[in-house]
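Notes follow the structure.
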Amino acid sequence: MKLLIVEDEKKIGEYLRQGMTEAGFIVNLSRNGMDGNHLAMTEKFDLIILDIMLPDLDGLHILKSLREAGNKVPVLILTAHGSVEDRVTGLELGADDYLVKPFAFSELLARVRTLLRRGASPVVETTLRISDLELDLQKHRVSRGGQRIHLTTKEFSLLELLLRRRGEVLPRSLIASLVWDMNFDSDTNVIDVAIRRLRAKIDDNYDHKLIHTIRGMGYMMDSTPAP
Ligand code: CA
């Protein structure tokens, strides 16, 4: 299986190349958009890992030219933290999946394997669900029991994280680093406040609670009550 990785950040690029090579892939690494675009358009790959923020030609341009040329190679885009627009545009342009930086290598590998298994007719998971709650990643919409719920960008990111990792207890420190991009300072109650606001919108008016507080540990989203 042959992968193309387009990533300008040297450390990340090398790290990905090494990890993917160790996982058994043949890897071509491009450090800029022009080379990446040229390779993507002229050589055959089983999958492309495409960074969006590139100094010369950005990843979205590369994706667009690939799809316009009828090339259906699975593309996984890497987006910067918080750039919801890039993610939405990427999916609209035909990306098959995305990861938000920073991500764990194991997660990237799992996504790559899933995409490769799926083959040439990818179906993007654009809706995350739990019970009667739905989060549509592409339209950036949330609803519960069919009722639209308006969330701020941060609330949306927080809910997305809880949903993607449903059934897992998420420590405050992890939530802080993934959603707020900050080191957790135990003096701050920013996470608790945000959870309270989110609960007010998605849980308070419903009998069936989805967000659970795990005392001394953190928060968990689950359709069954916490132990
Ligand atoms: Ca970059």
Side-chain angles (χ1 to χ4, degrees), residues 19 23 76-79 81-82 84 87-88 91 95-118 122-184 186 188-227:
L76 187 150
I77 55 174
L78 304 177
T79 66
H81 173 82
V84 175
R87 183 171 84 190
V88 172
L91 290 172
D96 299 278
D97 202 354
Y98 69 89
L99 270 180
V100 177
K101 291 178 173 181
F103 51 83
F105 181 76
S106 55
E107 180 158 24
L108 176 68
L109 187 58
R111 302 277 189 98
V112 164
R113 288 189 166 140
T114 304
L115 285 178
L116 289 171
R117 263 201 307 275
R118 231 186 249 162
V123 182
V124 186
E125 186 194 28
T126 55
T127 307
L128 302 173
R129 288 188 186 87
I130 188 168
S131 178
D132 57 348
L133 178 83
E134 278 191 12
L135 181 146
D136 185 326
L137 292 160
Q138 209 158 356
K139 294 189 184 127
H140 210 70
R141 276 188 189 175
V142 173
S143 64
R144 188 158 181 191
Q147 290 253 318
R148 177 92 184 264
I149 295 169
H150 294 273
L151 298 183
T152 65
T153 306
K154 279 282 179 252
E155 287 163 354
F156 190 90
S157 304
L158 176 59
L159 182 60
E160 182 184 344
L161 173 68
L162 290 165
L163 267 165
R164 281 196 185 280
R165 307 193 50 174
R166 74 197 77 164
E168 258 180 74
V169 180
L170 304 178
R172 289 175 178 77
S173 54
L174 182 77
I175 297 175
S177 70
L178 293 178
V179 179
W180 276 266
D181 211 5
M182 65 179 200
N183 289 322
F184 183 62
S186 54
T188 172
N189 64 348
V190 58
I191 311 295
D192 302 294
V193 171
I195 290 276
R196 199 183 310 140
R197 290 204 177 122
L198 184 59
R199 272 179 163 151
K201 293 184 179 177
I202 69 156
D203 258 352
D204 284 0
N205 298 328
Y206 301 85
D207 291 335
H208 184 183
K209 308 296 180 201
L210 299 173
I211 299 174
H212 309 284
T213 305
I214 313 298
R215 207 171 286 276
M217 294 176 75
Y219 295 100
M220 177 172 80
M221 180 150 237
D222 210 343
S223 55
T224 49

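From a predicted model like this one, the values you see are computed outputs, not experimental measurements. Because only heavy atoms are used, hydrogens play no part in the values below, and waters and symmetry mates are left out as well, while side chains stay in.
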Report the C-alpha distance between Ile149 and Glu155 in whole Å, list the side-chain angles of each, state the deciding distance to 0.1 Å, and finish with yes or no for side chain to side chain contact (heavy atoms under 4.5 Å, CB included). CA-CA 11 Å; Ile149 295 169; Glu155 287 163 354; over 6 Å; no

Show, in sequence, the C-alpha distance, side-chain angles and deciding distance for Leu133 and Leu159, and conclude whether the side chain to side chain contact (heavy atoms under 4.5 Å, CB included) test is met. CA-CA 10 Å; Leu133 178 83; Leu159 182 60; 3.9 Å; yes

Tell me, with the steps shown, if Leu210 and Arg166 meet side chain to side chain contact (heavy atoms under 4.5 Å, CB included). CA-CA 10 Å; Leu210 299 173; Arg166 74 197 77 164; over 6 Å; no

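For the pair Leu198 and Leu162, the minimum side-chain heavy-atom distance is below 4.5 Å. Put simply, the side chain of Met221 reaches to within 4.5 Å of the side chain of Ile202, judged on heavy atoms.
The side chain to side chain contact (heavy atoms under 4.5 Å, CB included) search around Leu178 returns Leu161, Arg165, Leu174, not counting sequence neighbours. When the side chain to side chain donor-acceptor pair (under 3.5 Å) test is applied to Ser173, no partner is found at least two apart in sequence or on another chain. Annotation: side chain to side chain contact (heavy atoms under 4.5 Å, CB included) contacts of Arg199 (sequence neighbours excluded): Ile195, Asp203, Asp204, Ile211, Thr213, Tyr219. Not a single side chain to side chain donor-acceptor pair (under 3.5 Å) links Arg197 to another residue, sequence neighbours left out. Residues forming a side chain to side chain donor-acceptor pair (under 3.5 Å) with Lys101 (at least two apart in sequence, or on another chain): Glu7, Glu9, Asp51.
Between Gly218 and Val169, the shortest heavy-atom distance links the atoms N-CG1, 4.2 Å. Looking at every heavy atom in both residues, Gly167 comes nearest to Asp222 through CA-OD2, 3.9 Å. Residues Asn205 and Ala200 approach most closely at ND2-O, 4.5 Å, considering heavy atoms. Residues Asp97 and Leu115 come closest through the heavy atom pair CB-CD1, 4.0 Å. The shortest heavy-atom contact between Ala95 and Leu91 is O-CD2, 3.8 Å.
Note that the CG atom of Leu135 and the CG atom of Leu128 stand 5.5 Å from one another [nearest 0.5 Å]. Taken to the nearest 0.5 Å, the CD atom of Glu168 stands 12.0 Å off from the CD1 atom of Ile214. With values rounded to the nearest 0.5 angstrom, Thr153 atom OG1 is found 12.5 Å from Leu158 atom CG. Rounding to the nearest 0.5 Å places CZ of Arg129 at 9.0 Å from OG of Ser143. Leu78 contributes atom CG, which lies 6.5 Å from atom CG of Leu99 (distance to the nearest 0.5 angstrom). A distance of 4.5 Å separates OG1 in Thr114 from CZ in Arg117, rounded to the nearest 0.5 Å.
Under a 3.5 Å cut-off, the side chain of Arg141 and the backbone N or O of Glu134 do not form any donor-acceptor pair. Checked by atom type and distance alone, the side chain of Arg113 never pairs as donor or acceptor with a backbone atom of Ala110 at under 3.5 Å.
Screening residues 143-182 for ring-ring contact (aromatic ring centres under 6.0 Å, His included), with sequence neighbours left out, gives His140-Phe156.
Environment of CZ in Arg215: sparse, with no more than 12 heavy atoms of neighbouring residues, nucleotides or ligands closer than 6.0 Å.
Comment: Arg87 engages Glu160 in a salt bridge, judged by a side-chain N to carboxylate O separation of less than 4.0 angstrom.
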